[in-house]
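Working notes, beginning with the structure itself.
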Amino acid sequence: MYIRASRSGGHTYLRLVESYRDENGRVRQRQIAQLGRADQLEEDQVEGLIRSLRRLTGREMPEPGTPEFEAAQEVGGPWVLTELWRSLGLEEGLKRALRSSRRGFDAEALLRVMIFNRLCDPDSKLGVLRWLETVVMPGMDTKGITHQQLLRAMDALESRLDRFRCAMGRLLRPLIDQELSVCFYDLTTIRVHGEAELDEDIRRYGRSKDVHGPARQCLLGVVQTADGLPLDFEVFEGNTAEVRTLLPMLRRTLGNYPIRRVVLVADRGLLSLDNVAELEALELESGQSPEFILAVPAGRYNDFQEAVGTLSFETDRPSVRETRLDGRRVVVAHDPDAASARAERRRRKLDELVAYGERLAEKLNRQDEGLTERGRRASDRGAYTRFSKAVLEAEFSRFIQAELHAERFSFTVKEEALARAERLDGKLILLTNVEDLDAETVVARYKALADIERGFRVLKRDIEIAPVYHRLPKRIRAHAAICFLALLLHRVMRMRLKANDSPLSVERAMEQLRRIQRHRVSVDEKRLSGLTTFTTEQLQLFEHLGVEKPTEAAL
């Protein structure tokens, strides 16, 4: 027997029907009872009918089971990153670059896991396994992944870095301007742990940009476009001179990206006259030499003193002027507010040092007059040593000269050096061979270099590239490659959000995506699953990023 619904007069009626065979053996149905209109049946009436039937048949009504809830798993972040990964062609590109018949696991999938982890919840490689328990990786079974497989995938990537970079060059070409590309290049320091020395070790002690003083580190160089899209990276030994990294990186980038015109923008630490000469000697596919906008380091400002001294600037607002030195174009930007603030800080520090020196001298004079004080007796050599150390720590040696003539301590303020420094306060000096951009545009191009600094902050703060705990040089390089790809996805997200006027930053977008989770519950041997209900903001985010919203079936 079963329930059949039929319509009559605009209403739905329910009937109890049974099947039987007639005398010819054909299956027929006949009505046993009329149950009434479906819209007039209350839930308690239906439940009562079920209980009555169970009682008449001798079957007990089972008590509803206790729901068993599984831990929720994040869906939003891995889903969006997977869609972006595939839309950029990175899945197939990396598979081709890493193809090997000797490997018994999918290296691309494991690298993708580690890359997504840097953006969702950066952790150690062992921590990646714990993270995988809390997320859903679309189209991937992550239960059998081991720590050893993750390390082997890193080794596979490092052994094929050249093929990987070529693949990246092909994949990213549609995203860059082939006619005119402003390339930005800069370096940052990456702290590493460990004291052991290895063959071909890249962990060296050098001046860190993160902590005061020397630290064991490596250097990371990154090339990016004016839109903030990272094109290439390289890891250098931690004590490598910055100027030695520029040309090798530029040559390789030009080899992977056949750009007709390059305007290279680089920071102060990368300028040397040798670099400039070699840059001018390079030749692109178009037959032209690369163009450059390079900042003059503060330590070299005195070399430009005469040229800059001929220029006059506005005193009440920022202004830009230009001149030439040794046939090269020099662009100088002046900010009077910054100049005033810097001069005030210098004068305040100078006054503190002068007051300290005068106190030391006064104490010596009082001793000479026979006026003793409590404590240890001062000496001219001791005063000279203490004052020289204070001047050195303040980096004021070019403004104050400590002296010890005839065993008597004294000091001199170098007023001429102070005046020269104040004339250069608030000034940004740029050396360039770009002739078709006006001076203001040259300055704007250089100031856009701040965007690559923001990329380094993303690498260190959000992606947590440092500190590095890997010991082997090849693992350190592979770790840098993983973080580079995470930065690439971060930048693509930022570009898409910006292009669609989204009010969200990448960080806020990831917060919204973390709230989208898969929930599973078991009741009476039935397993149910579903996704968090999407908010209006989340639906708009999918639209701005150009990806479809996740579904249970697609996971």
Side-chain angles (χ1 to χ4, degrees), residues 77-78 81-82 84-85 88 90 93-94 97-98 107-128 131 150-151 153-161 164-165 167-168 171-172 184-194 202-203 208-210 215-225 228-238 245 249 253 451-494 506-507 510:
L81 294 174
T82 299
L84 292 177
W85 182 262
L88 294 172
L90 291 171
L94 202 55
L98 300 176
E108 180 275 330
L110 297 181
L111 290 167
R112 193 192 329 161
V113 164
M114 290 183 278
I115 292 163
F116 290 6
N117 171 255
R118 306 316 298 179
L119 289 164
C120 295
D121 184 21
D123 210 331
S124 66
K125 301 306 175 285
L126 279 173
V128 170
W131 172 73
L150 296 179
L151 296 180
M154 294 177 68
D155 295 343
L157 175 61
E158 194 276 337
S159 67
R160 291 170 172 78
L161 272 180
F164 161 74
R165 288 189 173 101
M168 291 290 297
L171 295 173
L172 297 183
F184 296 91
Y185 177 64
D186 205 357
L187 283 161
T188 192
T189 56
I190 305 297
R191 288 183 296 117
V192 295
H193 281 271
I202 60 177
R203 301 173 298 172
S208 174
K209 297 184 179 182
D210 300 317
R216 200 171 197 202
Q217 62 186 21
C218 60
L219 294 180
L220 177 69
V222 174
V223 179
Q224 74 171 28
T225 68
L229 189 71
L231 298 178
D232 200 0
F233 76 97
E234 186 56 270
V235 180
F236 302 95
E237 292 182 358
T245 68
M249 283 291 293
T253 300
D451 194 56
I452 201 169
E453 293 292 343
R454 284 191 288 271
F456 283 143
R457 285 197 294 273
V458 169
L459 276 172
K460 294 183 177 182
R461 181 194 63 202
D462 301 325
I463 298 174
E464 296 186 17
I465 189 173
V468 180
Y469 294 95
H470 292 289
R471 183 174 58 90
L472 300 178
K474 64 179 181 179
R475 298 267 170 82
I476 295 175
R477 293 189 183 94
H479 174 74
I482 287 169
C483 293
F484 172 81
L485 284 168
L487 177 63
L488 172 63
L489 290 175
H490 185 284
R491 291 300 199 175
V492 170
M493 286 184 68
R494 190 188 71 160
V506 175
E507 292 71 30
M510 293 302 293

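Just so it is clear, the model here is predicted, and its values are computed rather than measured. Worth knowing before you read on, the calculation uses all heavy atoms, side chains too, and leaves out hydrogens, waters and symmetry mates.
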Return the [atom1] to [atom2] distance between [X] and [Y], rounded to the nearest 0.5 Å.
X    : Y    : atom1 : atom2 : answer
L489 : L84  : CG    : CG    : 6.5 Å
H479 : Y469 : NE2   : OH    : 10.5 Å
L488 : L90  : CG    : CG    : 6.0 Å
W131 : N117 : CH2   : CG    : 5.0 Å
H193 : R216 : NE2   : CZ    : 11.0 Å
F456 : I190 : CZ    : CD1   : 7.5 Å

Between D155 and L472, is a side chain to side chain contact (heavy atoms under 4.5 Å, CB included) present by the stated rule, with each step listed? CA-CA 10 Å; D155 295 343; L472 300 178; 5.9 Å; no
If every non-hydrogen atom of [X] is compared with every non-hydrogen atom of [Y], which pair is closest and at what distance?
X    : Y    : answer
A486 : R118 : CB-CB, 3.9 Å
S159 : A156 : OG-O, 2.9 Å
I202 : P473 : CD1-O, 4.2 Å
L98  : E108 : CD1-N, 4.2 Å
L111 : A153 : CD2-O, 3.8 Å
L171 : G93  : CD1-CA, 4.2 Å

Test item: [X] and [Y] side chains (from C-beta on) under 4.5 Å apart, heavy atoms:
X    : Y    : value
C120 : L81  : yes
T253 : Y185 : no
H490 : E507 : yes
R471 : R203 : yes
K460 : T189 : yes

Donor-acceptor check, side chain of [X] to backbone of [Y], threshold 3.5 angstrom: yes or no?
X    : Y    : value
R165 : F233 : yes
Q224 : F184 : no
R491 : L229 : no

Determine the interplanar angle of the F116 and W85 rings, folded into 0 to 90°, and report it as parallel if under 30°, tilted if 30 to 60°, perpendicular if over 60°. perpendicular
For A478, enumerate each residue passing the side-chain contact (heavy atoms from CB on, under 4.5 Å) test, keeping only those at least two apart in sequence or located in another chain.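 side-chain contact (heavy atoms from CB on, under 4.5 Å) list for A478, sorted by chain: M154, E158.
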Out of I465, L119, L487, which one pairs with V458 under the side chain to side chain contact (heavy atoms under 4.5 Å, CB included) rule?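 That would be L487; it is the only one of I465, L119, L487 passing the side chain to side chain contact (heavy atoms under 4.5 Å, CB included) with V458.
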